[in-house]
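Step one of this worksheet: look at the structure below.
As a basis for the values below, the full set of heavy atoms in this structure was taken, side chains included, without hydrogen atoms, waters or symmetry mates. By convention in this document, chain letters (A, B, ...) are assigned in the order of the sequence lines, proteins followed by strands, and residues within each chain are numbered from 1.
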Number of protein chains: 2
Amino acid sequence: MAATLRDVAKLAGVSFKTVSNVINDYPHVRPATREKVERAIAELGYKPNLNARSLRSGRTDTVALAVPELNLSYFAELAGMVIAAAEESGLTVVVEQTGGDRDRELALLRSPRLSMTDGLILSPLGMGQEDAGALDVPFPLVLLGERTFDWPCDHVTMRNTEAARAATEYLLDSGRRRIAVIGEHEGEVMGSARLRLRGYREALAEHGVPYDPALVVRATLWHRADGARAMHELLDRDVPFDAVFGFNDTMALGAMRVLQEAGRRVPEDVAVIGFDDLDEAAYSIPSLTTVDPGREWLARTALGTLLERIAETGPKQPPRTELADFTIVERESAPRG
Amino acid sequence: MAATLRDVAKLAGVSFKTVSNVINDYPHVRPATREKVERAIAELGYKPNLNARSLRSGRTDTVALAVPELNLSYFAELAGMVIAAAEESGLTVVVEQTGGDRDRELALLRSPRLSMTDGLILSPLGMGQEDAGALDVPFPLVLLGERTFDWPCDHVTMRNTEAARAATEYLLDSGRRRIAVIGEHEGEVMGSARLRLRGYREALAEHGVPYDPALVVRATLWHRADGARAMHELLDRDVPFDAVFGFNDTMALGAMRVLQEAGRRVPEDVAVIGFDDLDEAAYSIPSLTTVDPGREWLARTALGTLLERIAETGPKQPPRTELADFTIVERESAPRG
DNA sequence: CCGAAATTCTACAACGATGCAAAAGGGTCC
DNA sequence: GGACCCTTTTGCATCGTTGTAGAATTTCGG
């Protein structure tokens with residue numbers, strides 16, 4: 001059995017409360033006593049039982065991070081950054097996967113498992129406006145990435161609409177006029193897909209290019225296979241297009257593969273732009289022009305905001321929204337015009 | 001403040017222990033009482049405090065998973081599978097990143113953070129034989145993936161040597177004779193890199209092809225950038241080669257990109273084979289022939305083994321080694337001969 | 001209708017830590 | 001030398017749960 005405070009105390013010949021004082025850097029401990037206790041701690045290899053500490057203190061120094069799936073590189077890289085940032089603050093991260101599924105998102109928000117954490121960073125995908133009330137939770141909560149509903153809650157995200165507008169403009173500026181879009185979510189009101197589509201339409205309108213629904217392809221999940229499927233669908237529609245805007249890199253890469261299989265040259269026949277700036281975007285053939293949404297900043301800010309909330313004592317501050325800056329990363333799949 | 005057992009008890013008009021009995025499905029509770037209690041639970045939205053439960057029961061229903069980085073797709077996908085499997089058993093997973101760094105691996109093994117978990121699944125990379133003793137820990141531990149030292153400990157891995165031999169033979173069978181290798185770890189005695197290199201050499205020997213060290217390129221971490229850098233190095237060496245065996249897919253993809261930038265056609269001039277069968281391997285151009293190491297099985301088996309250890313009561317059973325089966329997935333970058 | 005055997009419920013003591021408040025120890029000053 | 005104050009140490013209650021054991025209640029055979 002692992003050593004406890006009392007074991008250390010017995011060995012050091014002091015009360016167990018003194019050992020606790022040493023561990024918690026209570027200032028009034030005589031150096032000699034401190035040393036005695038520290039020797040005993042070392043000798044027994046004592047490690048505090050964090051469960052007991054949490055029970056007593058109410059702090060767990062653990063946060064939960066819920067993403068759709070780690071299988072999506074975007075979320076894997078994001079999770080890695082959140083965990084790295086947490087590590088720096090001495091925090092542990094519990095990772096949950098929701099599959100982007102509404103019911104699993106709701107179940108998680110109600111789960112007793114969260115009683116083991118001080119707060120939650122959630123990337124919602126499946127919940128809708130009618131579920132927003134479920135966010136009225138008794139623990140700190142930060143939404144990371146676009147939300148699919150309106151609810152006053154801390155929120156760390158990026159300028160989705162502006163970024164999508166910029167990406168579209170980038171293609172327009174390079175002379176493309178028939179720009180297909182992959183990744184629309186039908187019926188969505190305010191998720192990333194909808195916001196990016198809005199940016200796309202704004203850019204078209206500004207340039208006087210008509211919006212053609214035949215160029216817009218749905219994809220609920222944003223895997224490579226979804227991008228590939230969407231591209232097959234687009235090719236089947238037999239409408240002309242000279243560019244593709246993938247709502248994430250993974251889909252864009254899946255689509256680009258199908259495009260080339262079909263004999264279209266990228267970027268000569270069709271330019272492709274993605275969204276996320278994944279590691280792999282720099283290594284595809286051709287390498288993928290994309291939007292860098294500032295993931296590192298997103299991850300750190302989400303965690304930082306959550307930690308501030310956790311530390312908060314007085315009356316609840318009003319919810320905050322933090323917006324990351326984006327940049328367009330030019331690569332081969334869509335050269336600047 | 002969240003409701004506790006006592007609050008529920010007061011509302012239901014029973015002792016708080018009866019509420020506990022209801023929650024734990026203790027059989028001798030009168031249906032009427034049970035219903036009364038359940039109504040009270042629902043009314044207060046009571047959720048058990050898992051910290052308190054853990055403190056009392058000694059079980060946390062949480063496991064730790066330590067991998068080098070989530071930024072490496074292989075580990076991200078593996079982690080996703082472990083978490084999904086854990087979820088099925090009602091377990092929570094804490095994810096830690098070691099960066100493949102020896103000191104961080106050792107620090108993790110000693111960390112009090114693990115007192116919040118029932119056991120650890122560790123993918124070691126940096127530790128060496130002299131650190132093996134650090135694995136003598138007072139909690140269940142399962143190594144996932146090759147270990148870099150000898151120590152009696154549960155171990156879930158794949159047939160690295162056989163798989164590498166098969167991959168090499170596959171290339172030899174298709175007529176290649178100058179097969180380069182990317183990802184060697186210098187000085188390593190028994191990690192994946194070393195075992196895969198051994199398989200490679202065995203296959204060469206069997207086919208009477210001489211081993212040429214000029215074809216072997218080191219890479220400590222196995223990112224895309226490392227694969228790219230290694231390929232640049234290989235090209236700089238100016239030795240002829242007609243195939244490349246990347247010790248993981250990520251590196252193979254990085255290398256393939258550089259290869260094509262340099263004007264070599266894949267697979268006509270150079271065949272490329274990887275290792276891991278990542279999602280993205282099917283979508284690169286050309287798509288990547290690779291070794292499927294049975295990740296799903298690895299993830300489930302690692303978790304299953306850990307759970308058995310956690311459930312174990314009597315004397316400690318001898319350590320087990322579980323080996324996954326592999327298959328070679330033929331794609332465009334290296335067609336069957 | 002009694003007594004024994006079941007069933008159902010409750011009281012109390014943990015688990016291992018921290019917070020609070022009071023006790024013990026040690027100087028200083030008049 | 002005693003009063004007072006600051007430093008150092010300690011004791012006790014407590015966090016919210018579960019295990020054990022025994023008390024209360026019900027059931028049931030004779």
Side-chain angles (χ1 to χ4, degrees), chain A residues 1-38 40-41 44-62 92 112-118 138-139 313, chain B residues 1-38 40-41 44-62 111-118 138-139 313:
Chain A
M1 215 43 223
T4 74
L5 276 188
R6 315 182 112 85
D7 300 324
V8 175
K10 198 184 297 173
L11 183 62
V14 296
S15 86
F16 80 95
K17 185 62 237 255
T18 298
V19 180
S20 168
N21 286 339
V22 168
I23 290 170
N24 294 288
D25 284 323
Y26 178 72
H28 301 301
V29 177
R30 220 180 318 166
T33 313
R34 163 159 279 135
E35 208 208 329
K36 218 168 36 177
V37 169
E38 274 164 355
I41 288 178
L44 293 177
Y46 166 79
K47 293 194 209 84
N49 179 320
L50 299 188
N51 268 307
R53 178 179 288 177
S54 296
L55 174 58
R56 182 60 238 240
S57 70
R59 285 279 310 255
T60 63
D61 287 334
T62 297
T92 302
R113 304 163 76 147
L114 293 177
S115 68
M116 288 254 215
T117 66
D118 292 335
F139 49 79
T313 53
Chain B
M1 215 43 220
T4 73
L5 277 187
R6 315 182 112 85
D7 300 325
V8 176
K10 197 184 300 174
L11 182 62
V14 295
S15 88
F16 79 95
K17 183 66 236 248
T18 298
V19 180
S20 167
N21 286 339
V22 169
I23 289 169
N24 294 290
D25 283 323
Y26 179 73
H28 300 302
V29 176
R30 222 180 316 167
T33 313
R34 162 159 279 134
E35 209 208 328
K36 219 168 33 176
V37 169
E38 274 164 356
I41 288 178
L44 293 177
Y46 167 78
K47 292 192 209 87
N49 179 320
L50 299 187
N51 267 306
R53 177 178 290 177
S54 297
L55 174 59
R56 180 61 237 235
S57 70
R59 285 277 312 253
T60 65
D61 287 333
T62 298
S111 166
R113 304 163 76 144
L114 293 176
S115 68
M116 289 255 220
T117 67
D118 292 335
F139 49 81
T313 52

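For dT17(D), the OP1/OP2 oxygens have no side-chain nitrogen or oxygen of Asn51(B) closer than 4.0 Å. Within the 4.0 Å cut-off from OP1 or OP2 of dT8(D), not a single side-chain nitrogen or oxygen of Arg30(A) is found. Taking 4.0 angstrom as the limit, Ser15(A) places a side-chain polar atom (N or O) nearer than this to OP1 or OP2 of dT10(D). Within the 4.0 Å cut-off from OP1 or OP2 of dT10(C), at least one side-chain nitrogen or oxygen of Thr18(B) is found. For the OP1/OP2 pair of dC15(D) and a distance below 4.0 Å, the side-chain nitrogens and oxygens of Thr4(B) include no atom meeting the criterion. OP1 or OP2 of dT20(D) has not a single side-chain nitrogen or oxygen of Tyr26(B) nearer than 4.0 Å. The side chain of Ser57(A) places no N or O atom within less than 4.0 Å of a non-bridging phosphate oxygen (OP1 or OP2) of dT18(C).
If Pro48(A) and Pro27(B) are placed on DNA chain C by their nearest nucleotide, the residue sitting closer to the 5' end is Pro27(B). If you find the closest nucleotide of DNA chain C to Phe16(A) and to His28(B), the one lying nearer the 5' end belongs to His28(B).
Following rounding to the nearest Å, Asn24(A) (CG) and dG16(C) (P) show an atom-to-atom distance of 17 Å. Atom pair Asn21(A):CG and dA17(C):P shows a separation of 13 Å (rounding to whole Å applied). Here the P atom of nucleotide dT9(D) and the NZ atom of Lys10(A) are 20 Å apart, to the nearest Å. Atom pair Lys36(A):NZ and dT8(D):P shows a separation of 14 Å (rounding to whole Å applied). Rounded to whole Å, atom P of dC15(D) lies 12 Å from atom CG of Asn49(B). As rounded to whole Å, 16 Å separates atom C1' of dC15(C) from atom CG of Leu50(B). The CZ atom of Arg59(A) sits 23 Å away from the P atom of dG16(C) (whole-angstrom rounding).
Asp61(A) places none of its side-chain heavy atoms less than 4.5 Å from the side chain of Thr92(A).
Among the nucleotides dT9(D), dT17(D), dG16(D), the one closest to any side-chain atom of Val29(A) is dT9(D). Of all nucleotides listed (dT9(D), dC12(D), dT17(D)), dT17(D) comes nearest to the side chain of Leu5(B).
Other residues, nucleotides and ligands contribute more than 12 heavy atoms inside 6.0 Å of the NZ atom of Lys36(B). In Lys47(A), the NZ atom is crowded: over 12 heavy atoms of neighbouring residues, nucleotides or ligands sit closer than 6.0 Å.
In this structure, Thr33(B) reaches the sugar-phosphate backbone alone: every heavy-atom distance under 4.0 Å involves primed, P, OP1 or OP2 atoms, never a base.
A donor-acceptor contact under 3.5 Å is formed by the side chain of Lys17(A) with the base of dG19(C). A donor N or O paired with an acceptor N or O is found under 3.5 Å between the base of dT18(D) and the side-chain atoms of Arg56(B).
With hydrogens and angles disregarded, a donor-acceptor distance shorter than 3.5 Å links the side chain of Ser115(A) to the backbone of Leu50(B). For the pair Thr60(A) (side chain) and Asp118(A) (backbone), a donor-acceptor distance under 3.5 Å is present.
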